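Structure, as structure tokens:
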Amino acid sequence: MTMKLEDEARRQLVEAATQVRRWAYAPYSNYAVGAALLTDSGKVYDGVNIENAAYPTTMCAERVAVFKAVSEGERRFVAIAVVTSNGGTPCGSCRQVLAEFGIETHVIIADTAGNVVQEATVADLLPGAFLPSDLARE
Ligand SMILES: [Zn+2]
């Protein structure tokens, strides 16, 4: 069952993700990403991509937002907005991290012109996700 996301909540999340992009640390790719994660307590945690000269240690905006929320005691998410210059979608690692905390979380993908280019659930974006329930013992 997909939770309905109000238009105003969607607009605010996209706006928050757009605004936080300014703090992206992306000197190598020049591809700034902003994310804003709405939890079921009503709080919003934002995140940006943080690159590193040792490339594999780079972290994505979506995971920064999720990790900030989880480290503050939040584990139930309603939606995440991700804003890039061209409406790029979350990478596989971010999809997997989002799946851990809710396969039905809404993912709103927007560009910096304010266009929502795609809206889907994590389940839509990561079919066949490996979930906590897969570790259940017999
Ligand atoms: Zn990612």
Side-chain angles (χ1 to χ4, degrees):
M1 183 71 182
T2 300
M3 183 185 288
K4 170 120 176 60
L5 189 66
E6 300 292 336
D7 287 347
E8 181 59 16
R10 179 184 297 100
R11 191 197 64 74
Q12 288 183 4
L13 270 188
V14 170
E15 176 64 16
T18 300
Q19 291 302 320
V20 76
R21 259 180 98 249
R22 76 186 63 191
W23 303 121
Y25 179 71
Y28 308 108
S29 71
N30 289 309
Y31 189 74
V33 184
L37 177 69
L38 174 65
T39 71
D40 76 344
S41 71
K43 292 180 74 173
V44 173
Y45 294 84
D46 57 26
V48 295
N49 52 327
I50 302 169
E51 295 182 346
N52 194 284
Y55 286 12
T57 57
T58 291
M59 183 52 61
C60 300
E62 300 93 316
R63 277 180 285 164
V64 169
V66 169
F67 295 162
K68 283 169 75 174
V70 173
S71 69
E72 298 284 329
E74 303 266 9
R75 295 181 182 174
R76 296 165 60 90
F77 308 141
V78 176
I80 185 169
V82 183
V83 172
T84 59
S85 59
N86 62 351
T89 62
C91 78
S93 294
C94 289
R95 295 175 193 210
Q96 181 65 44
V97 166
L98 285 165
E100 177 75 16
F101 298 101
I103 199 75
E104 293 300 324
T105 300
H106 279 258
V107 182
I108 303 154
I109 298 155
D111 63 24
T112 47
N115 303 304
V116 173
V117 299
Q118 186 180 355
E119 187 166 344
T121 65
V122 174
D124 294 329
L125 295 177
L126 190 62
F130 188 83
L131 298 173
S133 58
D134 290 313
L135 293 177
R137 296 177 191 276
E138 291 180 12

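Order of listing sets the numbers, starting from 1, for every ligand and every atom in it. Only a predicted model underlies this, so the values are computations on that prediction, with no experimental measurement involved.
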Given the rule in the salt bridge (Lys or Arg N to Asp or Glu O under 4.0 Å) test, do Arg10 and Glu119 qualify, once you have shown the distances and angles that lead to the verdict? CA-CA 10 Å; Arg10 179 184 297 100; Glu119 187 166 344; 2.8 Å; yes
Minimal heavy-atom distance between Asn49 and Ala26, with the atoms involved, is ND2-CB, 3.7 Å
Close side-chain approach of Gln12 and Glu15, heavy atoms under 4.5 Å: no
Is Val64 linked to Val33 within one hydrophobic cluster, defined over Ile, Leu, Val, Met, Phe, Trp and Tyr using a side-chain heavy-atom separation of less than 4.5 Å? yes
Going only through I, L, V, M, F, W and Y residues with side-chain contacts under 4.5 Å, is there a path from Val66 to Leu38? no
Counting no waters, what protein N/O/S atoms lie under 2.8 Å from the Zn ion (ligand 1)? Cys60 SG, Cys91 SG, Cys94 SG
For Thr89 and Arg95, test the side chains for any donor-to-acceptor distance below 3.5 angstrom and give the result as yes or no. yes
